[in-house]
Every structure is written in structure tokens, then in C-alpha cells.
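So you know, we letter chains A, B, ... as the sequences are listed, proteins then strands, and number each from 1. Everything numeric here is computed off the predicted structure, so don't read it as measured data.
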Amino acid sequence: SGGERSGGRESAFQVALLTPGPISDQAWNATAYHGLERIRDSLGASISHIQTKTPAEFEENFRQYGTKGYDLVIGHGFEFQDAARRVGPQFPKTLFVTTGGEGTGPNVVALSFAFDEPSYLAGMAAAAITKTGVIGGIGGTELPPVKLGFEAFLAGARLVRPDIRLLVAYLGNWDDAGAGKEQALAQLNQKADVIYQNADAAGLGVFQAVRQAKGVWVIGSNADQNRLAPEVTLGSVLIDVPHAFLLLARQAQLRAVRGPTIHFGTASDVVRWVPNPLAPAPPAKVLAQMDSVRAVFAAGGRPVVTPR
Amino acid sequence: MTQRAATEPMGADPRDHEALALEGITVRFGPVTALDGAHCTIRRGTVHAILGENGAGKTTLMRAAFGWLMPDAGTIRLHGAPVTFRTSAEAIAQGIGMVHQHFMLIPAMTVTENIALGGRGRFDAGTTAARITAVADGAGLPVDPVARVRDLAVSAQQRVEIVKALVRDARILILDEPTAVLTPDQATELLRWVRTFADAGGTVVLITHKLREAFAVADDLTVLRQGRTVLSAARALVTEAHLIEALTGAGVGPGGAGGPVPYHPMPTARVADAPEVDDPAPVLRLDGVRYVDPRGVTRLRAVDLAVYPGEILGVIGVEGSGPRELLRILAGRLTPTTGRVTRPDAVGFVPEDRLHDAVIPSFSLTENLVLADGGEARGWMDWSTWRTITRDLLATADVRAAGPDVPMATLSGGNQQRFVVGRERRRAAAALIVEHPTRGLDLTASARILADLRALGGNPRPAVVFHSADLDEVLAVATRVVACFEGRVREVSPPSDPTDRTPYTRAMTGSVETTAVSSGGTR
Amino acid sequence: MEALLIPFLDATIRTATPLAYAALGELVTERSGVINIGMEGIIIAGCLGGLVAAGAGGAAMGFLGGALAGAGMAAIFAFFVLRLRADAIITGTALTLLGLGLTGTLYRGLFGLEGAALGTPSIAPIALPGLSSLPLVGPVFFTQTGMTYLLYLFVPALAWWLARTQAGLALRAVGESRAAALAAGLDVQRLRWGAILFGGAMGGLCGATLVLAQVGTFTEGMSAGRGFIAIAIVVLGRWRTVGTTLAALIFGGAFALQYLLQAAGWALPYHLFLALPYLLTLILLAALRGRAEAPAELASQESWSRA
Amino acid sequence: MTEALLALWDGAFGSSYAIWSATLVRSAPLLWLGLGVALAFRAGVLNIGAEGQFLMGAIGATAVAQVVGRSVPGLVMIPLMALVGGVAGAGWAGIAAWLRQRFGVLEVISTIMLNFIALATIGWMVRGPLQEPTRIYPQSAEIPWSAQWPFLIPGQRLHLGFVLGLLACAIAWVVLTRTATGFRIRAVGASPSAATSAGQIDVGRTVMRVFLVSGACAGLAGAAEVGGVTWALYEGISPGYGYTAIAVALLARLHPGWIVVSAIFFGALEAGASAMQRDAGVPSVVVQVIVAVIILGVLAGSQRRTRVDALRVRAGSGR
Ligand SMILES: Nc1ncnc2c1ncn2[C@@H]1O[C@H](COP(=O)(O)OP(=O)(O)OP(=O)(O)O)[C@@H](O)[C@H]1O
Ligand SMILES: Nc1ncnc2c1ncn2[C@@H]1O[C@H](COP(=O)(O)OP(=O)(O)OP(=O)(O)O)[C@@H](O)[C@H]1O
Ligand SMILES: [Mg+2]
Ligand SMILES: [Mg+2]
């Protein structure tokens, strides 16, 4: 079973992770936990993980970790930012990091993932393969990165195919795989033939719906989900959280983290569009277009997104 | 014990005749010993009456015979052979049926479903209903198999209970206080049926508080007191005096061994002794009152009635003919559909279902006293004052209880009833409405309650209106009697012969000319 | 029109199927006079039981495993409520917690953090020959999975059993009056044990259906409130077999409508759609009027009105 | 296992921080909610909707703090938040009360439905009317300083809401045992028929009022959580406090005094559950199992009362 503390003596580098959901979701929470494990394995850190539900718990646990002298405490999601902002100043020796949100001080830092960049590329790939001109997006709840991802997805798709239509739906939770599947079926029935899912565990239902239909595709998110259903997955909008966490932890060990926000964009290779090699590649023209867009992102350009 | 000599009923070898024999039965409920080696032998083809005060253990003894509970000690023989019933299903299978004091029917279900309960395999409502009708008609106990129990009158429910036992081929029938809820006519009819059943070879155990019934129908009698058998004998060998002594553990009347309240033989027709009244203004008055119940049935039609201070108005009438609604309108518990009611602000009311409607069993006596002021009370409760008032009430109403703080549930039925009557009297000095004052109470307790009602005093004396299914009781207490029939209320003129009841029974069945009760009142 | 209607009705039946299993199980439990609010924990146990057993012995085995897992959870409930006479509501609350925790623990233990693949053995819809080609009803009612068809048989069977067998009558009687049932010689404890275990098995089947006939995988907490909805369905269905089935369909329909409206791209806050099934239920309850007749023993549960 | 249980104890009572900032902070909403549930159950109202009423109270309190918070001092602001939170909770309960009175809808089911609707409502609020000004995050802006409820002990997170909760339990106890109103509530709950017939109490009106008060308690819990703990409205503000509250009330046998004990017990359990994950490395799912087993254990232990009737009157084979 998962998360025993390990990696040596009390003086060791201590890292804690707070996730908002179960680490078995094969997406957002799972990838963070892998990041934590990688910090342990690569740096010999002593680790602790806790699954938390409410803002009150966020704050309480930040304090607890601060009191215990943890070096690095990561809240995985923008929702931890208020707690970090409040607790940070009281524990200057502890580095509080939230993935998403905004950093506010020397030891209250936000990691910002340019989730929109690979989402934009995913939209281009989707537009290249869609026959109906309708694509879908299914989210758990409407959170900023999820919403931003869908907006970029649409913008990217429009670049390739201006008349494309995006259907967006939210499930209201991140666990109900049954709802995920039904929502996907409803979108498929509305002629969507590529669905971009960002619903963590519930998103597995979206994969199932797509597997059972013919000639339709799914796009994974957060983790590399290509291997979940290789025959129907177009690719994954990946955040290489383990990689980002390791980079962060190395800097933290050196006390070299520079806030308030650390940006991970295409250039860092932490966020990337991972096409599924088993899926048909887009036409050469689109591929070339995608390459040039990626180059723009790598050079610091940002996708142009008009909020829906 | 005193009557041990007369214990064994007649017969050479009793075992030849015995249907059910209970010996040395002991049942304990935690610290309470409900039965302490009780015994009785019920002969085949007889009616066997079981008597005893409230809490004497009658019901418990018969529940042991029915397999509802297993005695801590003692043996049960059925037709001479020892048996052990672990569930009532086993007793039922052996031909024992029991009609419980509180009916064990499911109100939401139909008669057929209730009767079929406990069988095996398929349940075919049609076939079962046919069988029920056959058994019921054969036994002369008509029931409607498709009716829902909650829509049935109490007497009909009782028939259902009996038919339920008969359908399962019960040859030994235990009836726990079956007449308590019946009108005199219904009771007579039931007892007649019981006799026929026994004459045809059936066996009946009849638990009752009414000596007259026991003497009228039983072949043998058993009396329990505090969990022991104090008398078990053939009726022929027992006198009323014997019986009363066995019941109360005291002699009859003031010369007895000091029983709390002497037994008052009934009836003592007092209808003629109307009170002396100076104040002619009625306390309660109905003018042209009509009442249609929520189902649309007209329960009362054009009733005019006046009740004066100091009088005790007895209301007779079979269930459904209007007495219940009449009393509840007088008590302000029902609002008439049309007509005018004149009554004082506060009217005392003792409903028939005490434990459900008058008291809260889990609350203390003090709280139950305060309950009567519940609707109006405001602000802080001064419990110590209320406790004092309760203590006073316990004294004046002669309620035997450990103190004002004990839960109502720990009081005996008679004491609960005296408490309620006392409480309602305290609340409303001018008028008191009482439904079935002695229902479920034993001989002594009934006598005390009736004595209390008769003795109600005060200045001005209150007007009392009460309804009872027991005509004897009404005649013993009332100063004036009105009869309800089909929603009309008539005064019954007392007959010249005080022991003649025909005018009353006729009035209840609508078969005689009675004088209309005008609001002026024939007094 | 038909292009919208058929998929909508199809989704309605599909969504209602697992709900109906859980609700009918809860119905039988409640008709015996006990309320089991731990249905949520039972369903999730059924989900995992179904997954594990199907992995070992195929889909059919999976349903058996789900039912057994549900019945096992229900046995814990029955032991506490019937044997120890513990409060049914607190026990139910604890059961939900236990189910969610236990399944998560076992799942991670058995499958690791990578989880079960999507390739769980599962059953596909079967078009019933002949019937499925009927217009409208064919594609809606007769191209479902075996679990839905089983329900078509089960609902009348349960209704018949409750109304036309002595055992069904006994069960209803126990729920109406424990005392009357005792007087009729019924074994109240055994009947309630039976009803609770049966309810558990049905809840387990709900979970197994979710996993094996619908989603094809397991996720922690995938019961997602269906246990509570099942309890609401029983009330909406007025404690009757057919009523409960219809109520399950109403909920299924409300959820399907919610999916449809979002997919159709209505520009309203999506929370409105999420609230829709519950709003609809409230309105229906008010429109149907009259207090539903709960089994009388439910109301006399010590915990509900103890003073 | 021992390590896990030690962590549970330490996390709940092991340090002053554990007691004042973890256990009691979680007990504060449970006090209010448990009391609300207990009052309702006492009057025979099966209010399962504390969760929804809590959320509505939190919404109401946040709204009023955002609207007038900047122009009003704390002395006015805090009572105002409590008031608005209470009214919002009562209003949400009032819907169920109205449905019961007017249409005979069982409150058991309507309150469950209203919980789900409240959840959707708060989700919409934090993305709509009450969203923070940048309109990025699904949460409200932090409430102004004057609306933040004072901490009771320097350096600890225990806030005013807890003491008010204790006070409320004490008041409820006094009302129930010493006043006519309390007596009426108990009478109505213990026996509606006797209350009507003997007491001539207007049962419908009493039930209605208690339902509203129960909702107000839950709403106040929501206001206290926003004012004392989170200082902003979040979608996930409640981990299901309203459902835990039912267990709190029942374990306390609906007695206001025991609710204090029972609320602290459940607060400690949740605080300890966090600690088991954090300090003993026990996965959250295992923690859930342990908590469930503890509740069942307490339940089994507390049921050993004399059961004369149960033991004697045979329930068929049951012995
Ligand atoms: N289930 C029970 N638990 C505890 N005590 C009981 C129980 N049933 C009866 N008792 C007690 O046993 C004694 C005998 O009761 P029982 O009901 O047999 O009396 P009874 O003669 O039938 O009285 P009544 O004339 O009032 O019907 C009483 O003291 C009663 O309180
Ligand atoms: N369920 C009970 N729990 C506790 N005590 C009981 C219970 N039932 C009866 N008692 C007590 O047992 C005693 C015997 O009851 P019983 O019914 O014989 O009273 P009683 O003295 O004959 O009064 P009454 O004349 O009113 O019938 C009473 O004092 C009563 O308080
Ligand atoms: Mg007596
Ligand atoms: Mg009796």
C-alpha cells in the first residue's frame, strides 16, 4: 500500500503533498503522487501524502506540516492558494507550493502549467480528424485549468477548421464514471466524434463510451492516457507533473526557488501534446502547422484564446 | 391458595378431559416477577374464565400457553402430553388460537391478508377469501374479506381476530378481555357464540374483569393474584363472595380485610336521583348541531342538548351512532359542521385511549400534569411548584405512585385513569367529559373510578358527561341518560322498575319512542 | 425528433437500470420495517465485488460477486441493527464510510495505483430478435443489456411475490407491525435478516451493473450518491414495486435529460442541469400530493423519534 | 496499526494545536448542526437536510459580508452574518416545511433533494454572483476583515462560532427543560396525539417552528464556518458535516448536553483521521475504514442497555 514515509532519517529533506482527490484516478491526483514518489526515489526525501476535502483542512494541514518543519509542501491545485497565502508567512523555512493559482511571497509559490498550449495543439489534431465538424469537451467541475483547456482546444481547432463546433459539459464531480460515460454518449449522439476529457476518474467512463462507438476518438489529459485505450485515443494533453515536481524539489533543496510563480510552458517540456502513435496522424499540412505553432509556444508565444 | 381445596374441577380422571394444563408457570421480566408458579387446567369442551386484577398476570399466563414467550419454569400439557412451544407458530399449528387484548391486526392490510398471515407457499387472495367466508359464516361471525382492517369497527375487528384463529383450525381459543370493547348487545352476542363454540366441542379461555360474564358463561373459573393462582374451580362451586375475596385478597364491603376500596355490586340504578340545582343555566349546550366526518359520513344530525351543573349525563349508543362525536364536540375537540355550541373556556376531557391521547407514557407525572396546560403555557416552567401541585393531585385523587417524578408508564392502569380524571378536574372546574371511564380496568379500579365520578364535588358542582359501552356502569353512575341512534340524541326516561333495561337497549337500537331532548331539557 | 427521442429514452433506461436494482433492494428492506441508509456503501462494494469476480471468472461470475459483496456489507448492517439493536441510521452512516474506505483500500491493494484496465469483462447490449425492430420501443426497450431484461422479469416477479405469496405477505406484515407478525407466529428476526441481505444483494447488483454493464471499469467513489438516490426513489415510488420502478425511470430520465441538455449546448449555468433531477422530484412529489404511506414500523424505528 | 491509532490520538488530542486548532475547529459546525438535527428529531421532524441548510447559511453569510462588510464594523457585521446565515438556513428548511404542510411531502425525502440542489447552488454561486473579482477561480473573494470572526486563543484557530455553539447547546437545554416552549416541543415529539388532545397544542405550528429553528442552526453553522474558518465561500466548504451531524445527534440521544460530547468525538475522529494520513502514512481509504470501525465499535458498546422486552418476548428464533 501506497504512501509510507521513507527515505531516511529525520534530518532528511521532507516533502508533503496534498491532493484534492484519490490518487488512484489515473489522472490529476495520480500524476502528482507519482511526482512525490519520484522526489523520494531521486532525492531520498522523506514524503507524506494526504487527501483533503475542505479549505479548512487545507489550512490545518499546511500548518501541521509547517510546524513539523517540512521543507516543501505541495498543494496540488489552485484551490490550495488561499491556505498557502495565509499559512506561508508563519513558516518562512517551509516552501509552500500550489499547482495553479498565484504565488504571493518568497515561500509561497505557484507552479503555473501552460495547459492551454498542448490543449491548443490537441484542438488542431482533433479538427484534422473530425468528420462531422463537432468536437466535445467533458470536465469534472468547471475549474480554471479545465475551462482554459477547453477554450484553447476550441481555438486550436478553429485554426484548422474555422466552422468547427465544441460541445462542453461538466459532470459536477470527478468520480462518477457512469455519468462520464453517459455524458460522452450524449455528445456522440450530437455528432461529436472527438471528445477531450478532463474529468479524472470519471473520465474513464468517457474512454469506455468512445471505445464502444465506431470511428470516434478521445483525448486524454493531465497524465499520458494513451495506453488506457490505444485503439481510440488520439493523444494526451500531458502535464509531466513528476518532472516538474522533481525540478522544483531540486531547486528547493538548493533554496533556489524563485517565486512568486514558476511557469512551465512548452519550452520546459513539462506540458506537451503527446500524440498516440497508434492513431492516424493528421495530414502533413496540419502537422506542419502544428509544428510551427509549437515553435511559437516554445519561444514564449501564447495561444490566442477568446473566452466562450 | 385459600381455595386450594376446590381447585380441581369435577371429573374422575381430569386428564381425560384436559385440553390445556399449565403447571408451576413462572415468568420474570427483569426484576418483575409476573407469574410465580401459576397453574390452571382447562377442560376440553368448556369455557374457562380467568380473572384477576390489572397486572395479576392473566395475559402473561396465556401468552406462555400460546408460545409467545417461554416461561422460566413450569410445564404445559396439551391434551395430556407435555409440550414446549418455542414460537407462537408452533402453538398455532397445535390448534391454539389467541385473540389478544390489543388486537394484533395490521390496519393497512385487508381482512384476507391479515387472516392469511403466517401460512406457507402461495397466497391466493380469492381462495383464501372464499375459505374465510365459509368459516366465518359457518361459525356465525360474518366478516368482509376484502375490507381493510382500518376501516372496520372494533367489533368487526374482533370477529376478524376470532375468524383468524378458526381458519387455522383452532380448537382451543384464548380470548383476552374480548368484551371490553363491545357494547352490551355485542358482548351478549359474543358470549352466546362462545357458549355455542364450547358446546360443539371447542375449548375457550376467557380473560375478563366482569364477574357477571364469568358467571354467565364459564364452566370453570381461575383467579390470579400477583402472579399466583388463588382460585381455580368449577363455577358451580364458587360464590360471588368467594370470587371477590380471591380477586382482591379481602372480604367484601367494610367488614372485609381492609381492601383499598370495597366492591360495589352493580347496577345501582340512580338515574332517578337527579341533583338539586339552584342555577338553571346550562354549562354545556348544543343547538342544532350537525357533524359530518372527513369521509363525508353524517355522524350527528340536528342535536339539541343542554347539560346542567351537578348532573352526570350518561351517553349510551353503539359505536358509530354518534356518542363519540357528541362527546368530542362538547369537549371542544371537534368542530361541528353546523350548529352552535355553548361551553366554558375549559372543559376537562378524558379520552378513551389514555396511553395514546391523554398522557405521554415516557414523561413524568408532573410533566403529564403540565401537559394539560401545554397549549397556553408561556415562559419559564416553575417545576418545583408544578411538582407540588402534582403531589397534591396524587393525594386528592388518591393516585398510588412513587412520586411526582416517576414516568407515567410505571403506573397501573387504574392509577393512570385516576390521574387523568384528577388532572382534567383540576383544569376545568365546570365541565368534565369522560369516554369509557373503566375500559381495560379491573374490578377494583373500575369501582374506584366510578365512585370518583359519582363523588365529584365542588362549587358549583361540575357537569359530567360520560359515555360507556357498559350499560350497568352508566346506570350506576348517571343522573340522566341520553341515547344516540343514527346520529340523533334522545333522552331515555327512567323506567318505573329500576332493574328494567329494555328502554335503554331499545333506545340504542332505535326501536322505541323516546323523548327528544330539547335545549330546554326535560329534567 | 425521433433522432433525439430514441437516444434519450435509451439513456433513460440504461441509467435507470442500476438505480432500479438498488431501489428495489431498498424497497424490500424497508418493507420489512428497517431503513438501510448504508446503501451507498453497499453499491460501491458491489462495484468492486463485480470487478474482482469478473476478472476471475467472467462477467456472469462478476454479477454473482457483486451480489455477494453487497450482501456481505448488508450482513454487517443486519448484525448491528438486528442483533445488537444499534441505531439503524448511525449504522447506515458508518456502513457507507466503511464501503467507500474498504473498496478503496482493496482496490489499491489488488490493482495498485495504475488501477484496473478498461478491459474488464463486461456485457454488451443485445438486440432482442423481433422485438428490437419495433418502432420506437424496439431500440429503446429491447436493445439493452441482459441486466435490463432481467429487470423486466424481476419487477413483475417481485410484485407477484410480495402480493401473492405467503412469504411476501409475511414480509409486508413485519414492516407494518412487528407485534402482529409475532402474534401470527412469524419469525420477525429471520424475515428482517432475509430482507436486509436481499436488499444488500440487490445493491451489490446495482454496483456490478454499473461496472460490468455500463462503465466497464472501477473508480473509487463511483457510486456517487446512487445509494441516497435509491432511498429517495423508494419514497417517490411510495414503497410499491411498480411505483419504485417508475420512480427509478423518472430519475433515469431526469439524468438523461441533464446529459442531453448539456450535450445540446444550452447556454445556461451547468449547475441548473445538475440540479434538474432533484428539482423534478420535488415538483413531482408535491404534484402527487398526500403523504405517502410508509411501512408503519419504519416510523416506529427507535432512532427516528426517540425523545 | 498501533502507529496509526497513536497518530489518531495525537492528531486529535496530542497537542494544544491538535485540540484547539484541529479537533474543536471541526467540532464547531458539528455542534450547531447536531443541535439543529436533534431539535428537529425531538419534535418528530426528520430533517436530513442539515447539509443543504449549512451551505445556504454559508452563502448567505458570504453575500452579506461582501455587500456591506466594508462599511460596517465587526461588532455589527458578525451578528449580521449570523442572522443572515440563520435566516438562509431557515429559509431552505422552510421549503421542506412548506412542502410538508402544503402538499404532504415527506421531509425525509425533500430535505435530501434540497441537499443536492444546495450543492448545485453553491457551485453556481462561486462561479456566478459571488465569484471573486478576477472571475478566474470558483470561489468568492475573501470577506472583509470586519466580517472575520475573532479567534479565541492567540495562535490557535478556534473561533467564536465554537463558543456560540456551546452557548446554543446550553440554551437549547434550558429551553427544552425549563420553558413552556421546550416542553411543547418535547410533547409534540413524544406523542403528537397526546399533545393535540390533552395539551391542545397546535402540533403543526410547533413542528413548523422547530423545523425553521433547526434550519437556522444549520445555517448559522455555515455562517460560522465562513466567518471563523474559511473567510471565503468555496464549493467544497463542507466535507459532509450535515450528514455527520445526524450521527452526532443520534449518538447524543438528542440531548443538547451530550451533543457537545458527541460533536467533539466526531471532530476528534476527523482531526485524527487527517493525522493518520499525514503522520503515519495511512492511506485515506484505510483511514475511512478505521473511522467506520470506530463508529461501529462505539455503537456496539453504547447499546448494552437492559433489554428486558427484547430478551423475553421472543422474536421467533432470535435469542
Ligand atoms: N413485556 C413486558 N415487560 C415487562 N413487564 C411486563 C411485560 N408484560 C407484562 N409485564 C408485567 O407483568 C405483570 C403481569 O402483566 P399482565 O399483562 O400479564 O397482566 P394482566 O393480568 O393481563 O393485566 P390486565 O388486566 O391489565 O390486562 C405486570 O406487572 C406487567 O407490568
Ligand atoms: N411496566 C411497568 N413498569 C414498572 N412498574 C409497573 C409496570 N406495570 C405495573 N407496574 C407497577 O406494578 C404495580 C402493580 O400493578 P397493578 O396493575 O397490579 O396496580 P394496582 O396496584 O392493582 O393498581 P390499580 O388498582 O390501579 O389496578 C403497580 O404499582 C405499578 O406501578
Ligand atoms: Mg389493580
Ligand atoms: Mg392483560
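Chain A forms the most heavy-atom pairs under 4.5 Å with one residue out of C/A124, C/A224, C/G109, C/A263, and that residue is C/A263. Between chain C and the options A/G172, A/G205, A/G21, heavy-atom pairs under 4.5 Å are most frequent for A/G172. Chain C forms the most heavy-atom pairs under 4.5 Å with one residue out of A/R227, A/Q187, A/E182, A/H34, and that residue is A/E182.
Neither the backbone nor the side chain of A/A30 comes within contact range of chain C; no heavy atom of the residue lies under 4.5 Å from a heavy atom of that chain. For a residue to count as touching a neighbouring chain, one of its non-hydrogen atoms must lie under 4.5 Å from one of that chain's; by this rule A/A192 does not touch chain C.
At least one donor-acceptor pair closer than 3.5 Å links the side chain of A/Q208 to the backbone N or O of C/G216. Counting only distance, with no hydrogens or angles, the side chain of C/T219 and the backbone of A/A202 share no donor-acceptor pair below 3.5 Å. Side chain of C/E220 to backbone of A/P22: no donor-acceptor contact under 3.5 angstrom is found. Without hydrogens or angle criteria, A/Q190 side chain to C/A264 main chain gives no donor-acceptor distance under 3.5 Å.
The environment of CZ in A/R165 is sparse: at most 12 heavy-atom neighbours from other residues, nucleotides or ligands sit within 6.0 Å.
With sequence neighbours excluded, no residue satisfies ring-ring contact (aromatic ring centres under 6.0 Å, His included) with C/F141.
To the nearest 0.5 Å, the span separating CD on C/Q262 from CD on A/Q183 amounts to 5.0 Å. Taken to the nearest 0.5 Å, the CG atom of C/L260 stands 8.0 Å off from the CG atom of A/N189. Here the OG1-CD distance, from C/T217 to A/Q26, works out to 6.5 Å after rounding to the nearest 0.5 Å. Interatomic distance, CG of A/L171 versus OH of C/Y270, reported as 9.0 Å (0.5 Å rounding). Considering CG of A/D176 and CG of C/L210, their distance stands at 7.5 Å, rounded to 0.5 Å.
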Legend entry - A/L204 vs C/M222, side-chain contact (heavy atoms from CB on, under 4.5 Å): CA-CA, chis, key distance, verdict: CA-CA 11 Å; A/L204 296 175; C/M222 69 184 292; over 6 Å; no
